[in-house]
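All values derive from a computational prediction rather than experimental measurement. The chain is numbered in sequence order, starting from 1. Heavy-atom basis, side chains included; hydrogens, waters and symmetry copies ignored.
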Amino acid sequence: MNEAAPGNAVGKHPCFTRHELARARGLNTVLNVLPRYHTDRRWNAKAVQVTVRAVQFLGSLGLPRHSDIAHRAILADGRRVGLRLILPKGIRRGLYVHFHGGAWVMGNARLDDRITRPIAQNCRVLVAGVDFHNAVDDRLDITLEDCRAAIDWVVEHLSELQVERIILGGESSGAHLAAETLLHLRERGRGGSRRRIHLGLWRLRPNGIEKSPALDRQEPRH
């Protein structure tokens, strides 16, 4: 059993285990010796993206497809936006829509399988990873449009997805896209007649996570 790290708790619930902290420190050690990545150098992002796709393609050769993964494609102003669905076992308790990180310019939903597959299985929720436009062309507006189109499609197909509750999240730049998408839902009044939309921020601190005041809105009943 992994022992919780002292001082890293909100209330009575630990934030990170010692094992998780050790893995994070190990990753930071590796990153410290790698060449510094500069987000303003677009050739850098393109090279990383090509490498990621090549590794994923070669790594999947000869391997059976995962039975818990499905794919859907939606259209956003004529563009194809992919949804990578990770199916939980048993009854679905809800839907988690995940936006991957990568400084807005690289990465894809599959790259975050190590994050999203455990969430699907441990929390028994359907996970939808969004494959939005990577803004290597500085068209972040297209990236945002893809994310908004994806969440609009999800909200309109809740019955088909067999869920009633939605959670949005992501890491790094993906967290920004999740927040933007939440604001989009709030502005469009797409939370549903009896649902509450929560918008919150968390500040990372050395001894844990401090939650800032949340913005929420109770959707009116019709």
Side-chain angles (χ1 to χ4, degrees), residues 27-28 30-61 66 69-86 95-117 119 126-157 161 166-188 190 197 199-202 204:
L27 175 61
N28 286 334
V30 173
L31 293 176
N32 283 335
V33 300
L34 292 176
R36 183 65 61 184
Y37 173 77
H38 298 276
T39 57
D40 59 337
R41 299 176 183 174
R42 291 298 179 254
W43 64 266
N44 199 326
K46 292 178 180 178
V48 171
Q49 191 68 4
V50 169
T51 302
V52 167
R53 290 178 177 175
V55 170
Q56 290 180 335
F57 174 76
L58 295 175
S60 62
L61 291 179
H66 294 290
I69 294 179
H71 298 86
R72 296 295 298 265
I74 62 175
L75 292 179
D77 196 22
R79 297 182 307 279
R80 182 181 180 276
V81 181
L83 292 178
R84 184 175 178 85
L85 302 176
I86 303 179
L95 170 67
Y96 171 54
V97 182
H98 181 78
F99 300 88
H100 67 79
W104 300 277
V105 295
M106 58 187 178
N108 56 36
R110 178 180 171 184
L111 196 60
D112 280 358
D113 276 1
R114 290 188 177 182
I115 299 174
T116 51
R117 292 187 74 189
I119 290 176
L126 175 65
V127 174
V130 183
D131 272 320
F132 47 79
H133 171 75
N134 284 323
V136 290
D137 53 0
D138 294 326
R139 292 298 305 274
L140 186 59
D141 57 314
I142 296 179
T143 302
L144 293 172
E145 289 172 6
D146 286 357
C147 295
R148 293 164 183 160
I151 197 63
D152 285 343
W153 184 91
V154 164
V155 171
E156 293 170 359
H157 293 80
L161 297 173
I166 306 175
I167 302 171
L168 275 68
E171 86 283 4
S172 191
S173 57
H176 161 253
L177 297 176
E180 288 282 356
T181 306
L182 278 170
L183 289 172
H184 167 72
L185 283 178
R186 180 173 178 172
E187 291 171 358
R188 295 282 300 274
R190 301 298 297 273
I197 300 174
L199 305 177
L201 299 175
W202 282 261
L204 295 179

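- Using a 4.5 Å heavy-atom threshold, the side chains of Asp141 and Leu144 count as separate.
- For the side chain to side chain donor-acceptor pair (under 3.5 Å) test, residues two or more places apart in sequence or in another chain that qualify with Asp137 are His133.
- If you take CZ on Arg186 and OG1 on Thr181, they are separated by 15.0 Å, rounding to the nearest 0.5 Å.
- The nearest pair of heavy atoms linking Ala178 to Gly170 is CB-N, 4.3 Å.
- Residues meeting the side chain to side chain donor-acceptor pair (under 3.5 Å) test with His98, sequence neighbours left out: Tyr96, Asp112, Glu171.
- With values rounded to the nearest 0.5 angstrom, Glu180 atom CD is found 11.0 Å from Thr143 atom OG1.
- A distance of 9.5 Å separates CD1 of Ile151 from SG of Cys147, quoted to the nearest 0.5 Å.
- Nearest heavy atoms, Ala109 versus Asp131: N-OD1, 2.7 Å.
- No side-chain heavy atom of Ile142 sits less than 4.5 Å from a side-chain heavy atom of Asp77.
- If you look at His176 and Phe99, their ring centroids are not closer than 6.0 Å.
- Rounded to the nearest 0.5 Å, atoms CG (Leu161) and CG (Leu85) are 7.0 Å apart.
- Nearest approach of Asn134 to Val105, heavy atoms of both residues: CB-O, 3.4 Å.
- When every heavy atom of His100 is checked against every heavy atom of Met106, the shortest pair comes out as CE1-O, 3.4 Å.
- Of the inter-residue distances, the one linking Arg139 atom CZ with Glu145 atom CD reads 7.5 Å to the nearest 0.5 angstrom.
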With salt bridge (charged side-chain N to carboxylate O under 4.0 Å, His left out) as the criterion, how do Arg79 and Asp146 come out once you've worked through the C-alpha distance, each side chain's angles and the decisive distance to 0.1 Å?
CA-CA 8 Å; Arg79 297 182 307 279; Asp146 286 357; 2.8 Å; yes

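- By the side chain to side chain donor-acceptor pair (under 3.5 Å) test, Arg80 pairs with no residue at all, sequence neighbours left out.
- Atom CG in Leu177 sits 5.0 Å away from atom CZ in Phe132 (nearest 0.5 Å).
- At a threshold of 4.5 Å between non-hydrogen side-chain atoms, the residues Leu83 and Val130 count as touching.
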Please walk me through it: do Arg84 and Asp113 pass side chain to side chain contact (heavy atoms under 4.5 Å, CB included)?
CA-CA 10 Å; Arg84 184 175 178 85; Asp113 276 1; 2.8 Å; yes

Run Asp152 and Ile74 through side chain to side chain contact (heavy atoms under 4.5 Å, CB included) and show every step you take.
CA-CA 10 Å; Asp152 285 343; Ile74 62 175; over 6 Å; no

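- The closest side-chain heavy-atom distance from Trp153 to Val81 is not below 4.5 Å.
- Of all non-hydrogen atoms in Ser173 and Gly102, the two that sit nearest each other are OG-N, 3.3 Å.
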